[in-house]
Amino acid sequence: MKIERLMKTLDRLNELGEADRGIERIAYTSEEYLAKQYLMREGTLLGLGTEIDAAGNVIVRLPGADNSLPPVIIGSHLDTIYQGGKYDGLLGVVAGFEIIRSIKEAGTQTQHPIELIGFTCEESSRFNFATLGSKVMMNKVNLATLETLKDRNGISLRDAVKEQGLELDQFPQADQSDRRVKAFYELHIEQGPKLIQENKQIGIVTGIAAPLRLAIHISGKSSHSGTTGMKNRRDALLAAAELALAVEEAGLFEDEHETVATVGVLDITPRAMNVVPGSASIKVDIRSIYADSRERVLERIKEKAEQIERKRATPISMEVIQNDDPVMMDEELAQAFAETCEEAGVSYMFMASGAGHDAMNTASSWPTTLVFVPSVDGLSHHPDEFTEEEDIEVGVALLEKEVLKQAVICG
């Protein structure tokens, strides 16, 4: 593996989407399409197999001595958020390409084929639908759902993919959920501060937290702010504020399980300075790799909502709008990667991922592990997102060793 070449590839692909602020290589746009074409072209020049599947995922293949054996696959995503950073997703794709290129150039023959997948539309930025490419590949979404998706400009997913030479009706052809795979690896920046705080070089993910999301509506009573006495108010905003603090408190009760709870949306009406708010709506995101911990947070929020409702005479309704199952990574692959770290004298820690990744979809059908390298200041989804070159080199070198072990070098 050549770190200088890897970084040049990373920079070259980030030129495709360079914006006034950050990187914008949005799903199913010309910038993302050109990134796929770049990988296809470079792979073809190396004599590798290349294709873009029916959903728009790009695949690069290095044959094995026995192509009937299940492949070892490396993958992550090519797309970014609006005003995104240089490393989220793309680093894992570039790492996989560099590993395959290095193995090819060294003339190393493995028993198992090795593949790279650059997933499309991992970010929810454009269509408010995350990990679309890997969901299609793992047969975890249906056409009826995809048919409803539109971006903020009103462009449907169907029309967007047509501009890429794809047909939405053909997406099911990308299904690889029944395929035998020996191991799937995703290398990603941590997007949080734990590795740096713990002074560790590698994070080996044991599970990916899944969200339980709530839509909560609080009914108060609008009234004149100058003529309604403080004791006579049914202020929906203050009820929402109390409930927001209760969400924080419920999350803190489960801190030992690294469960988190967030109020990310607060809307009030009528939004006038001289009117007591008559209604409020909040949206809550609860995440954990432990479903029972997540449920305890939910129960505490419900209990507090009942207390606030009685105290302030503000009826509160609550709806669960999403309830996904946490996803555990493959224990054997995680332990094998830990052993590779120990052999190389590299510090590591086992940890959970609070953010979603394509790996949570592949894990439903393929043995999967997710590996983190540090993010400076824990920053991600931001133009200033940064990972040190030395940390990238360590992570990719370890991944190459592990891939070669799993793919089995001939001779």
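Just so it is clear, the values below take in all heavy atoms, side chains as well, and ignore hydrogens, waters and symmetry mates. From a predicted model like this one, the values you see are computed outputs, not experimental measurements.
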More than 12 heavy atoms of other groups within 6.0 Å of Phe386 CZ: yes

Exercise: identify the closest heavy-atom pair between Phe127 and Cys121: CD1-SG, 4.3 Å

Set of residues satisfying side-chain contact (heavy atoms from CB on, under 4.5 Å) with respect to Pro315, sequence neighbours excluded: Ser219, Arg234, Glu309

Residue Glu331 excluded, over 12 heavy atoms near CD under 6.0 Å: no

Show every donor-acceptor pair shorter than 3.5 Å between a side-chain atom in residues 159-169 and any protein atom, with sequence neighbours excluded, or say none if there are none.
unit_1	atom_1	unit_2	atom_2	d
Asp159	OD2	Ser156	OG	3.4
Gln164	NE2	Tyr28	O	3.3
Asp169	OD1	Arg158	NH2	2.8

Crowding at NZ, Lys182 (>12 non-hydrogen neighbours, <6.0 Å): yes

More than 12 heavy atoms of other groups within 6.0 Å of Asn274 CG: yes

Reported CD1-to-CG distance for the pair Ile117 and Asp53, which is rounded to 0.5 angstrom: 8.0 Å

Atom CD of Glu332: over 12 foreign heavy atoms under 6.0 Å: no

Nearest-0.5 Å distance, CG of residue Leu46 to CD of residue Glu105: 6.0 Å

Geometric class of the His188/His357 ring pair [parallel <30°, tilted 30-60°, perpendicular >60°]: perpendicular

Ion pair Arg5/Glu98, N-O distance below 4.0 Å: yes

Flag if over 12 foreign heavy atoms under 6.0 Å of OH, Tyr33: no

Show which side-chain atoms of residues 18-26 pair as donor or acceptor with protein atoms under 3.5 Å away, not counting sequence neighbours.
unit_1	atom_1	unit_2	atom_2	d
Glu24	OE2	Gln83	N	3.0
Arg25	NE	Leu78	O	2.7
Arg25	NH1	Leu13	O	3.2
Arg25	NH1	Asn14	OD1	3.3
Arg25	NH1	Leu16	O	3.4
Arg25	NH2	Leu78	O	3.2

Point-to-point distance, once rounded to the nearest 0.5 Å, from CD1 of Ile409 to CD1 of Ile103: 8.0 Å

Cationic N near anionic O, under 4.0 Å, Glu258 to Lys194: yes

Over 12 non-hydrogen atoms of neighbours within 6.0 angstrom of CD in Glu249: no

Gap separating the CG atom of Leu404 from the CG atom of Leu399, nearest 0.5 angstrom: 9.5 Å

Side-chain donor-acceptor contact under 3.5 Å, Asp358 with Ser134: yes

Lys/Arg-Asp/Glu bridge criterion (N-O < 4.0 Å) met for Glu343, Lys405: yes

Arg296 NZ/CZ over Phe253 ring centroid, <6.0 Å and within 45° of normal: no

Audit row: Glu15, Arg12, salt bridge (charged side-chain N to carboxylate O under 4.0 Å, His left out) steps and yes/no: CA-CA 5 Å; Glu15 291 173 4; Arg12 174 69 187 93; 3.3 Å; yes

Salt bridge present between Glu4 and Lys8 (N-O < 4.0 angstrom): no

